Amino acid sequence: MTVTLILGLQWGDEGKGKIVDLLAGDYDYIVRFNGGDNAGHTVKKGDEEFKLHLVPSGVFYPEKMKVIANGTVVNLDTLVGEMEEAEKRGYHMKNLILSSCAHIILPWHRMMDGGLDKVGKIGTTKKGIGPAYSDKASRTFALRAGDLLLPEDELKKKMALIASHKKKIFKALELPEFDEAAITAKTIENAKKVRSHIADTQALLNNALDGGKSMLFEGAHGSLLDIDHGTFPYVTSSNTISGGGCTGAGIPPQSIRRVIGIAKAYTTRVGEGPFPTELDDAVGEKLREKGHEFGTTTGRPRRCGWLDLVLLKYTCMINGVTDIAFTKLDVLDGLEELKVCTAYELDGKRITDFPPDSHRLSRVKPVYESLPGWEEDISGAKKREDLPEAAKKYIEFVEKQLGIPLKIISVGPKREETI
Ligand code: GDP
Ligand code: IMO
Ligand code: MG
């Protein structure tokens with residue numbers, strides 16, 4: 001029984017979609033275990049592209065089992081829309097399974113997210129992620145995918161109970177009214193479309209593992225957006241680290257044999273929160289333009305900065321990363337000098353342990369080592385030897401500092417642009 005887990009080592013958008021698509025051919029199951037449609041994963045095959053928010057990044061492989069497991073929160077409009085789009089483009093969704101224990105995001109969650117984020121600004125995607133996970137933790141007023149299998153009158157009764165509670169909260173918070181009848185009708189319509197895909201995925205996944213099937217787990221977001229280990233409160237509401245794969249899918253830890261951490265060759269972040277190596281200058285702008293660093297889900301410009309090894313050592317540690325996929329190296333083409341952060345200064349002291357707390361992190365000053373850049377376009381490189389000396393040195397430096405092999409190096413968005 002083998003699970004390979006893929007996850008982001010920074011603040012998201014590391015190129016997880018590309019790497020999942022690249023490796024999906026070797027696995028029987030592709031599994032999403034956390035988050036919702038706040039994720040935006042890009043997959044490309046030739047000139048064809050999907051920007052996926054819920055459907056696992058194995059979309060180009062209709063024959064593979066694709067599972068949205070219990071740890072996720074699901075916006076049914078997004079799910080139905082993505083399934084219909086994939087079907088329309090010739091990729092059938094017969095093998096998509098939604099866990100009966102996944103939680104459903106409803107319009108009142110999105111409205112609340114939009115309303116509350118104006119107050120204590122985190123810069124969320126406004127997809128209702130925090131409010132939906134809050135309802136999961138509070139239990140009484142949550143709706144799960146399994147509830148969509150209830151007889152229609154029972155589902156309506158359940159939704160009416162939740163809606164009456166939400167109305168009281170909306171009134172107290174002075175949020176706009178919502179249309180309960182329309183929300184209920186749409187949920188029932190969506191339920192009819194997804195019902196045949198709902199299953200108890202704990203047994204399904206474990207039986208498949210026992211039967212020798214292989215699985216690729218597709219983490220969403222990035223390790224520093226983890227609700228426990230990230231830069232709280234500027235995080236998302238799920239466990240994005242490797243441990244989240246066990247709780248989010250109900251598989252035993254010993255089944256995870258390989259943890260592939262995806263690290264971008266520089267650093268980006270969307271939304272608020274501390275970012276020690278952020279660049280507010282022409283280099284930051286160049287990275288944003290060349291790397292097309294605009295949010296896949298919200299279109300917001302991503303904040304850009306130098307590679308931060310203090311941060312990466314921390315996320316490799318908490319995830320048990322066995323190998324790294326180093327992405328977007330081509331975006332560094334044409335930079336004369338490359339800076340890499342190897343330590344922080346905090347209150348006059350040099351530290352190398354990442355402080356997992358926004359207050360301290362916002363006060364650190366990065367300590368940089370400088371490496372030479374390269375002029376060449378590296379997007380055609382197929383093996384390490386094809387790279388200019390300076391690019392090889394940059395990779396070797398990162399590998400040595402982290403003590404983990406960079407097994408995959410990505411030099412462009414397409415499958416074939418990979419070493
Ligand atoms: P994810 O959320 O981690 O799946 O990443 P996103 O899809 O949100 O953002 C990554 C973006 O970079 C997408 O537009 C990808 O097509 C693109 N991309 C992935 N790998 C590379 C690469 O090696 N080089 C370049 N230039 N673009 C890449
Ligand atoms: P992928 O899977 C980048 C960020 C948001 C915000 C914070 C909380 O594509 O890498 P939320 O809506 O989750 O409550 O927002 O987390 N965020 C992401 N940033 N990539 C993502 O996903 C993200 N998912 C959430 O920008 O700062
Ligand atoms: Mg993304």
Side-chain angles (χ1 to χ4, degrees), residues 6-22 32 34-45 49-54 56-57 72-73 75 105 109-110 112-114 116-117 120-134 218-227 230-238 240 261-275 287 289-303 325-333 377-379 381 408-419:
I6 284 187
L7 46 79
L9 292 177
Q10 292 148 327
W11 278 289
D13 306 323
E14 296 90 349
K16 298 174 291 292
K18 164 172 171 168
I19 305 299
V20 171
D21 168 73
L22 182 75
R32 271 282 305 268
N34 72 309
D37 60 345
N38 48 344
H41 296 178
T42 314
V43 293
K44 275 183 182 240
K45 191 178 86 172
E49 182 181 88
F50 278 96
K51 290 192 180 293
L52 298 163
H53 304 283
L54 275 172
S57 294
T72 60
V73 283
N75 175 340
I105 302 179
H109 293 127
R110 288 193 286 281
M112 202 148 171
D113 196 359
L116 294 185
D117 202 43
K121 205 166 176 345
I122 288 172
T124 74
T125 58
K126 308 207 172 14
K127 297 288 179 187
I129 304 298
Y133 276 115
S134 300
E218 175 180 1
H221 329 304
S223 300
L224 291 176
L225 293 171
D226 184 280
I227 182 139
T231 47
F232 193 90
Y234 304 101
V235 292
T236 190
S237 303
S238 63
T240 61
I262 317 289
K264 213 179 270 199
Y266 49 99
T267 314
T268 62
R269 166 159 217 174
V270 208
E272 303 298 315
F275 179 176
L287 292 173
E289 287 307 317
K290 185 142 201 283
H292 304 291
E293 297 294 358
F294 296 90
T296 308
T297 300
T298 58
R300 290 177 290 176
R302 295 176 184 148
R303 300 155 66 192
F326 202 51
T327 59
K328 304 192 90 161
L329 187 65
D330 55 299
V331 175
L332 301 180
D333 291 356
D377 170 354
I378 62 165
S379 59
I408 299 171
I409 293 156
S410 177
V411 292
K414 294 184 180 157
R415 268 187 200 169
E416 57 277 16
E417 289 169 326
T418 312
I419 298 173

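Only heavy atoms go into these numbers, but all of them, side chains included; no hydrogens, no water, no symmetry mates. Atoms within each ligand, like the ligands themselves, are counted from 1 in listed order. All figures in this text were calculated on a predicted structure; none of them were measured in a lab.
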Worksheet item: Are side-chain heavy atoms of Arg269 and Leu225 found at a separation under 4.5 Å?
Response: yes

Practice prompt. Report the distance from atom CG of Asp226 to atom OG1 of Thr231, rounding to the nearest 0.5 Å.
Written response: 10.0 Å

Discussion item. Any carboxylate oxygen within less than 4.0 angstrom of a Lys/Arg side-chain nitrogen, looking at Lys328 and Glu293?
Written reply: yes

Inventory of protein N or O atoms under 3.5 Å from ligand 2 N or O:
residue  : atom   : partner : partner atom : Å
ligand 2 : 2 (O)  : His41   : NE2          : 2.7
ligand 2 : 2 (O)  : His221  : N            : 2.7
ligand 2 : 9 (O)  : Asp13   : OD1          : 3.0
ligand 2 : 9 (O)  : Gly40   : N            : 2.9
ligand 2 : 9 (O)  : Gly40   : O            : 3.1
ligand 2 : 10 (O) : Asp13   : N            : 2.8
ligand 2 : 10 (O) : Asp13   : OD1          : 3.4
ligand 2 : 10 (O) : Lys16   : NZ           : 2.7
ligand 2 : 12 (O) : Thr125  : N            : 2.9
ligand 2 : 12 (O) : Thr125  : OG1          : 2.5
ligand 2 : 13 (O) : Asn38   : ND2          : 2.8
ligand 2 : 13 (O) : Thr236  : OG1          : 2.6
ligand 2 : 20 (N) : Asp13   : OD1          : 3.1
ligand 2 : 20 (N) : Asp13   : OD2          : 3.3
ligand 2 : 22 (O) : His221  : ND1          : 3.2
ligand 2 : 24 (N) : His221  : ND1          : 2.9
ligand 2 : 26 (O) : Val270  : O            : 3.2
ligand 2 : 26 (O) : Arg300  : NH2          : 2.9
ligand 2 : 27 (O) : Gly123  : O            : 3.4
ligand 2 : 27 (O) : Val270  : O            : 3.0

Side-chain donor-acceptor pairs of residues 120-131 under 3.5 Å, sequence neighbours excluded:
residue : atom : partner : partner atom : Å
Thr124  : OG1  : Asp113  : OD1          : 3.0
Thr124  : OG1  : Lys126  : N            : 3.1

Discussion item. For the CZ atom of Arg32 and the OG1 atom of Thr72, what is their distance to the nearest 0.5 Å?
Written reply: 7.0 Å

Worksheet item: Between Asp21 and Arg415, is the closest basic N to carboxylate O distance under 4.0 Å?
Response: yes

Item to complete: Non-hydrogen atoms closer than 4.0 Å to ligand 1: which protein residues do they belong to? List them by chain and number, please.
Response: Asp13, Glu14, Gly15, Lys16, Gly17, Lys18, Gly40, His41, Thr42, Thr296, Arg302, Lys328, Asp330, Val331, Ser410, Val411, Gly412, Pro413

Worksheet item: Could you go step by step and tell me if Thr418 and Lys18 meet the side-chain hydrogen bond (donor to acceptor under 3.5 Å, both in side chains) rule?
Response: CA-CA 10 Å; Thr418 312; Lys18 164 172 171 168; 2.9 Å; yes

Worksheet item: Got a salt bridge between Glu14 and Lys264, using NZ or NE/NH1/NH2 to carboxylate O under 4.0 Å?
Response: no

Discussion item. What's the separation between atom CG in Asp333 and atom CD1 in Ile378, rounded to the nearest 0.5 Å?
Written reply: 5.0 Å

Worksheet item: What protein atoms of element N, O or S are positioned under 2.8 Å from the Mg ion (ligand 3)?
Response: Asp13 OD1, Gly40 O

Discussion item. Taking Ser57's backbone N and O only, do any of them form a donor-acceptor pair with Glu218's side chain (distance below 3.5 Å, no angle check)?
Written reply: yes

Worksheet item: Rounded to the nearest 0.5 Å, how far does CD1 of Ile19 lie from OG1 of Thr327?
Response: 6.5 Å

Discussion item. Using the side chain to side chain contact (heavy atoms under 4.5 Å, CB included) definition, which of the options Val235, Thr267, Val270 pairs with Trp11?
Written reply: Thr267

Worksheet entry | Reported CD1-to-OG distance for the pair Ile262 and Ser410, which is rounded to 0.5 angstrom | 9.0 Å

